[in-house]
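Worksheet: the structure to be examined is printed underneath.
Chain letters run A, B, ... following the sequence lines, proteins first, then strands; residues in each count from 1. All values derive from a computational prediction rather than experimental measurement.
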Number of protein chains: 2
Amino acid sequence: MSDPDERDTRSKILIAAATMIGEGPATRLSVRAVAARAGVSTGSLRHFFPTQQELLDTVVEGLQTLDLPDDPMADPTRPPAERLEACLRVLLSSVGTGSTARRNWVSLHDAYIAAAGRDDTAPTFLAMERLAVDRVERWLAVLREEGALRPGDLEGHARFLLTVVNGLSLERALPGAAARIGSEAASLRQAVSAVVS
Amino acid sequence: MSDPDERDTRSKILIAAATMIGEGPATRLSVRAVAARAGVSTGSLRHFFPTQQELLDTVVEGLQTLDLPDDPMADPTRPPAERLEACLRVLLSSVGTGSTARRNWVSLHDAYIAAAGRDDTAPTFLAMERLAVDRVERWLAVLREEGALRPGDLEGHARFLLTVVNGLSLERALPGAAARIGSEAASLRQAVSAVVS
DNA sequence: ACCTGAACACCGTTCAAGT
DNA sequence: ACCTGAACACCGTTCAAGT
């Protein structure tokens, strides 16, 4: 539409930061460096992103949510492994990234780990877990019908995949998440390849 | 033997840093803070630990190698997959089960998720993560030398396995853990089989 | 509301100088 | 070899001041 310089300041900042990450994953996104790259003052940057953490989270989230379709298993044109990976990515996307991931984790922790015993929330959790397992099993059943699934019981495969998704979700909330976006994709693919044939 | 103050400077620094971590996992180990605590100048600290990274790594390594069962990877009589599974089980065992697992998760949560941003504990966490990745990579290097490892970079394999271990650790702290002991073993085996050939 | 740039209190690292 | 403390070039955050 128009020259990047004519975009609003917030966008200029995000574009500058994303560009810098693109130039090298090991880039230090300091306030001054990003502000200078965006042609904006540090104070202006802080106006839109009150803390450096918020800036980082917003950038990473933007890089990750570039594409999100609805049920990917239904698309018969894509190979099985690719479809399953997309499905798991849908699960993963529900925890979000950055501060969203952290907030979701705090909720889960407070409800099901810290409050264990003090309040009987176990049934709720187990119900949700069942739902998740069922959902993955339904995806895997489609693949089995196509003969694209390795031998083994459906529930075992489903629980394995959910464990990987849980691990990745957790790692999204831990420090250094931004630097691990690459290995997240690789791990997801490895998990899928352990299940499809 | 003698008063801590009479120890050599290097030890005083390590003890000061370890104490600070002990007082709260969410401690920022800055040069000046550690040096002051050890009763030593910053220049003196740098003489023994040329970079802050080296200091962190040394401290974390010291905390972690307090107890180390013998290495299952060293046993040549067992098949590769079985050895790797035993190694991962050692990692997993450090989180414990039941209320121990829950307590460990609360600590991790408080230090690195809930306190995120409020205090810069990321370097401490990242140092520990690095150590874990290195450890798994060393195990995998043994298997690669035996020709028992699938193609792919060592770090990618290591991070995948650690994600699975993280997922399983988490599930140990969540409700219904007792009912999942079977699927834990199965998931661990599936992860191993995705990596060994 | 948006934006500036100085100022504050930190940080890790370097280094001339001492013993 | 060990140790000091000042100095350098950063950092994230705050804030009075402008438009």
Side-chain angles (χ1 to χ4, degrees), chain A residues 2-18 20-21 23-60 98-99 102 175-179, chain B residues 2-18 20-21 23-61 112 114-128 130:
Chain A
S2 59
D3 191 82
D5 286 18
E6 289 177 11
R7 286 173 169 280
D8 60 292
T9 306
R10 206 188 114 98
S11 302
K12 280 201 289 187
I13 293 168
L14 287 175
I15 289 170
M20 290 168 73
I21 283 189
E23 286 169 359
T27 322
R28 176 85 207 246
L29 293 183
S30 78
V31 223
R32 288 165 186 78
V34 175
R37 183 64 164 268
V40 150
S41 70
T42 66
S44 190
L45 191 155
R46 272 279 146 318
H47 177 257
F48 291 100
F49 304 98
T51 70
Q52 202 62 3
Q53 191 65 54
E54 287 186 44
L55 171 63
L56 272 177
D57 288 352
T58 308
V59 171
V60 171
S99 61
R102 246 169 280 125
Chain B
S2 59
D3 193 81
D5 287 17
E6 289 177 12
R7 284 173 171 279
D8 60 292
T9 307
R10 205 188 114 97
S11 301
K12 280 201 289 187
I13 293 167
L14 287 175
I15 290 170
M20 290 167 73
I21 283 189
E23 286 169 357
T27 324
R28 175 85 209 250
L29 294 182
S30 78
V31 223
R32 288 164 184 80
V34 175
R37 183 63 164 268
V40 151
S41 69
T42 67
S44 190
L45 191 155
R46 272 277 105 57
H47 178 258
F48 291 100
F49 304 98
T51 70
Q52 202 64 2
Q53 191 65 52
E54 286 186 44
L55 171 63
L56 269 178
D57 288 350
T58 309
V59 171
V60 172
E61 191 180 356
Y112 303 117
R118 282 202 294 282
D119 203 17
D120 193 10
T121 56
T124 311
F125 172 82
L126 293 173
M128 298 200 307
R130 247 292 112 214

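- In this structure, Asp57(A) places its CG atom 15 Å from C1' of dG12(D), rounding to the nearest Å.
- Between Leu29(A) and Met20(A) the shortest heavy-atom distance is CD2-CB, 3.8 Å.
- Close to dA9(D), at under 4.0 Å from its OP1 or OP2, lies no side-chain N or O of Arg28(A).
- Near-neighbour residues of DNA chain C inside residues 31-46 of chain B, defined by a heavy atom below 4.0 Å, number-ordered: Val31(B), Arg32(B), Arg46(B).
- Contacts between residues 47-56 of chain B and DNA chain C, defined by a heavy-atom separation under 4.0 Å, are made by Thr51(B), Gln52(B).
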Structure string for DNA chain C in dot-bracket form, Watson-Crick and G-U at under 3.5 Å, | interchain: ||.|||||...|||||.||

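- Legend: residues meeting ring pair (Phe, Tyr, Trp, His ring centres under 6.0 Å) with Phe125(B), ordered by chain and number and at least two apart, are Tyr112(B).
- Partners of Arg10(A) by salt bridge (charged side-chain N to carboxylate O under 4.0 Å, His left out), not counting sequence neighbours: none found.
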Exercise answer: donor-acceptor pairs, residues 38-45 of chain B side-chain atoms, under 3.5 Å, sequence neighbours excluded:
{"from": "Ser41(B)", "atom 1": "OG", "to": "Ser44(B)", "atom 2": "N", "distance (Å)": "3.1"}

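- Taking atom NZ of Lys12(B) as the reference point, atom C1' of dC3(D) lies 11 Å away to the nearest angstrom.
- Contact check, Thr9(A) against dC2(C): no side-chain N or O comes under 4.0 Å of OP1 or OP2.
- Note: CG (Leu29(A)) to P (dC10(D)) measures 17 Å, nearest angstrom.
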